[in-house]
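Quick note: numbers below take in every heavy atom, side chains included, and nothing from hydrogens, waters or symmetry partners. The residues of the chain are indexed from 1 along the displayed sequence.
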Amino acid sequence: MMSESAYSLDIVLRLQSANRFKSEGLYHEARQELEAIIVSEPRCAPAYNNLGTIYFHLKEYTLAIQSYQAALDIRPDYIDVYYNLGLAYLRMSRDEEALTAYLALIALVPTHPGAHFQLGCLMMKRQRFLEASQSFNLIAESHQSHFESLANLAVCHLHLGRLDQAVKCYLRALDIIPSDHDILFNLGVIHIQQGYAAEGVKYYLRAVKVNPDFFDAHHNLGTIYLMRRDHENALLHLREALRIQPEAEALRHTIKILMQDDQLTGSAPQYIQSLFDSYADYYDVHLRAHLQYQVPEKLYALLNDSGVLPAQELRIVDIGCGTGFCGELLRPHASHLVGVDLSPNMLSAAAEKEIYDELIVVDAVQYLADQASALDLIVAGDVLVYFGELEALMLAASQALAARGYFAFNVELTSKSDYALTSSGRFAHHQEYLEQLAKTYGFTVIAMRPEILRRQQDEPVPGYLCLWQLQGSGAA
């Protein structure tokens, strides 16, 4: 094995000449010089390595790999070549071979920072965050100003549930680049998760100061201010978020709710999907523990008391099924049970309960409009609260039910008009409006039972539990 200094003066000068060509971007001339060196000195490992870097710059990665392998055949301990070889494999998405190259380099130089950085990135890609953190931590200890290693180490800590360690890494990274808006945003997210909302808001505000077009930071600020009932600041940041993403209909709808827009006739589908997708992970616990939510049980009791549920072979659709509260109760009475919802995340949670014969991501009105007298029972637990005008839903329900079929649902109450938008962003309905709809669309009102549906901001929310039956052969 020969070091570069062991070659003749002519070879050394020609290697230097090739490097000058490369530094000037004259890759064709550099390649010609290196190929000439190899002809005269076939065992010149540096020439193969340098030729590999030329091919790498030219994006001819297969040729680069061949050159690097030729260098290693001559000098198996050639440290630089292992690193370069790994990079070429990565560019070709040959991760396993890149991993082998970096592990070989670490075997030669156990603390090689470049090899550990690439190894850490590969482990992150494989979701092996503990191993990745070990590599990034080694770099963070020996190269304390390496921003990317600190940022990646923080991400690993997050995935491992080590929030405090993640914060420490992000703060060290922020000392290096104080204006990095992604780091500021991530610090905001972690502080919110830890219950330090005021600190989280400070980081989000710093992030949008650095980057006024940072959608996620504006959106999160709007959400936090909403939770604090600070509508002025909520509107400020939600409008900024909408400016950045004007196609975000869920945001547009939220802003209209905050403005108490009396032109709203229902909740935008995008708003409902966004709301419940973000809600799915803790939906069950929140409704039961914090809102004292009993609508599914109360609707079930109404159906049972009215003699609907002794039947065992009902064709049932649970619209707005969420995670399956109603479905769990209805399953024993169904020959076929379908769950319909706009939120894929909610349906994923429902699927884990193995309740439904089908789960479909679709708008409720659209689904019912396609059924044509196919159903015995439609159940809508906490669904009509996202509709203002109910005509389209009632028409679709009347057409989807078989003769003498049932529609069970709940509503919140208002005395102001046919329907009214509440401060919670939901709709309340007037009793006379409901009675008129029943008459218009061919329903007999079996029951409209007054109930406290849940609690909102520690206040009881009054409403009705409704059971309607389609008359005769159905509505026209």
Heavy atoms of Ala132 and Cys156 approach each other most closely as CB-SG, 3.6 Å

For Val208 and Ala217, the nearest pair of non-hydrogen atoms, with its separation, is CG1-CB, 3.5 Å

Ala18 and Ala30 have their tightest heavy-atom pair at O-CB, 3.6 Å

Exam field: side chain Asn137 to backbone Ser133, donor-acceptor pair closer than 3.5 Å: no

*Take Val379 and Tyr406 through the side-chain contact (heavy atoms from CB on, under 4.5 Å) test and state the conclusion after the steps.*
CA-CA 8 Å; Val379 175; Tyr406 295 92; over 6 Å; no

Please examine the side chains of Leu158 and Leu163, heavy atoms only from C-beta on, and report whether any two atoms are closer than 4.5 Å.
yes

d(His430 NE2, Gln436 CD) to nearest 0.5 Å is 13.0 Å

Side chain to side chain contact (heavy atoms under 4.5 Å, CB included) filter on Arg331, not counting sequence neighbours, yields Ala334, Leu337, Ile355, Asp357

Worksheet item: His429 vs Tyr419 aromatic rings, parallel, tilted or perpendicular, using cut-offs 30° and 60°?
Response: tilted

Check whether any side-chain N or O of Gln245 sits under 3.5 Å from a backbone N or O of Ala241 as a donor-acceptor pair, and report yes or no. no

For atom NZ of Lys168, decide whether the heavy atoms of other residues, nucleotides or ligands shown that lie under 6.0 angstrom number more than 12. no

For Asp305, is there an ion pair with Arg449 - N to carboxylate O distance below 4.0 angstrom?
yes

Checklist line | Tyr61-Phe56 aromatic ring centre distance below 6.0 Å | finding: yes

Taken to the nearest 0.5 Å, the spacing of Ile319 CD1 from Leu342 CG works out to 10.5 Å

Check whether any side-chain heavy atom of Ile360 lies under 4.5 Å from a side-chain heavy atom of Val338, and answer yes or no. yes

Tell me if the aromatic rings of Trp468 and Phe409 count as close, with their centers under 6.0 Å from one another. yes

Applying salt bridge (Lys or Arg N to Asp or Glu O under 4.0 Å) to Asp418 and not counting sequence neighbours gives none

Practice problem: Please say whether more than 12 non-hydrogen atoms of neighbouring residues, nucleotides or ligands are located less than 6.0 Å from CD in Glu354. | Solution: no

Exercise. Would you say the side chain of Pro450 lies within less than 4.5 Å of the side chain of Leu413, judging by non-hydrogen atoms?
Worked result: no

Q) Quick one: does Tyr300's side chain get under 4.5 Å of Cys326's, heavy atoms only? A) no

dist His146:NE2 -> Leu153:CG (nearest 0.5 Å) comes out at 12.5 Å

Output for pair (Ile65 CD1, Arg94 CZ), nearest 0.5 Å, gives 4.5 Å

Any side-chain to backbone donor/acceptor pair from Asn410 onto Leu465? Under 3.5 Å, distance only.
no

| message | Checking Tyr78 against Tyr68 for the ring pair (Phe, Tyr, Trp, His ring centres under 6.0 Å) test, could you report, in this order, the C-alpha distance in whole Å, the side-chain angles of both residues, the deciding distance, and whether it holds? | response | CA-CA 10 Å; Tyr78 203 150; Tyr68 294 140; 9.4 Å; no

Between Tyr356 and Cys321 the two heavy atoms that sit nearest each other are OH-CB, 3.5 Å

field: Salt bridge Glu96-Arg126, side-chain N to carboxylate O under 4.0 Å
entry: yes

key: No-hydrogen, no-angle side-chain donor-acceptor test under 3.5 Å, Gln431 and Tyr464   = yes

Are Leu87 and Gln118 side-chain neighbours, meaning at least one heavy-atom pair lies under 4.5 Å? yes

Item checked: Side chain His333, main chain Leu309, donor-acceptor under 3.5 Å -> yes

Counting the benzene-type ring for Trp, do Tyr27 and Phe21 have ring centres under 6.0 Å apart? no

Item to complete: Check the side chains of Glu358 and His336 for a donor-acceptor pair under 3.5 angstrom, ignoring hydrogens and angles.
Response: yes

Exercise for the section: Kindly determine whether Phe325 and Glu297 satisfy side-chain contact (heavy atoms from CB on, under 4.5 Å), including the steps that lead there. Expected result: CA-CA 8 Å; Phe325 281 147; Glu297 289 81 3; 6.0 Å; no

Checking side-chain contact (heavy atoms from CB on, under 4.5 Å) for the pair Asp213/His181: CA distance, chi angles, key distance, verdict?
-> CA-CA 11 Å; Asp213 294 333; His181 61 264; over 6 Å; no

Query raised in the report: Taking C-beta and beyond as the side chain, do His219 and Ile244 meet within less than 4.5 Å on heavy atoms?
Result: no

TODO: State whether the side chain of His116 and the backbone N or O of Pro110 hold a donor-acceptor pair below 3.5 Å, judged by distance alone.
DONE: yes

Stepwise side-chain hydrogen bond (donor to acceptor under 3.5 Å, both in side chains) test for Asp216 and Tyr204:
CA-CA 9 Å; Asp216 289 336; Tyr204 285 147; over 6 Å; no

message = Under a 3.5 Å threshold, yes or no: a donor from one side chain and an acceptor from the other, between Asn49 and Asp80?
response = no

- Query: Can any side-chain N or O of Asp341 pair as donor or acceptor with the backbone N or O of Val361 at less than 3.5 Å?
  - Reply: no

In short, Tyr82 meets Ala104 closest at the heavy-atom pair CE2-CB, 3.7 Å

side-chain contact (heavy atoms from CB on, under 4.5 Å) assessment of Cys169 paired with His157: CA-CA 9 Å; Cys169 289; His157 284 316; 3.8 Å; yes

Q) Within a strict 4.5 Å, meaning less than it, do heavy atoms of the Phe136 and Phe117 side chains meet? A) yes

Open item on the list: Side chains of His237 and Leu205, heavy atoms from C-beta outward: is any pair under 4.5 Å?
Closed with: yes

Measure from the side-chain N and O atoms of Lys353 to the backbone N and O of Thr323, and report whether any donor-acceptor pair falls under 3.5 Å. yes

Between the NE2 atom in His112 and the OG atom in Ser142, the distance rounded to the nearest 0.5 Å is 11.5 Å

Taken in chain and number order and not counting sequence neighbours, the residues that satisfy salt bridge (Lys or Arg N to Asp or Glu O under 4.0 Å) with Glu141 are none

dist Phe185:CZ -> Leu221:CG (nearest 0.5 Å) comes out at 9.0 Å

Nearest heavy-atom contact between Leu453 and Val411 is CD1-O, 3.3 Å

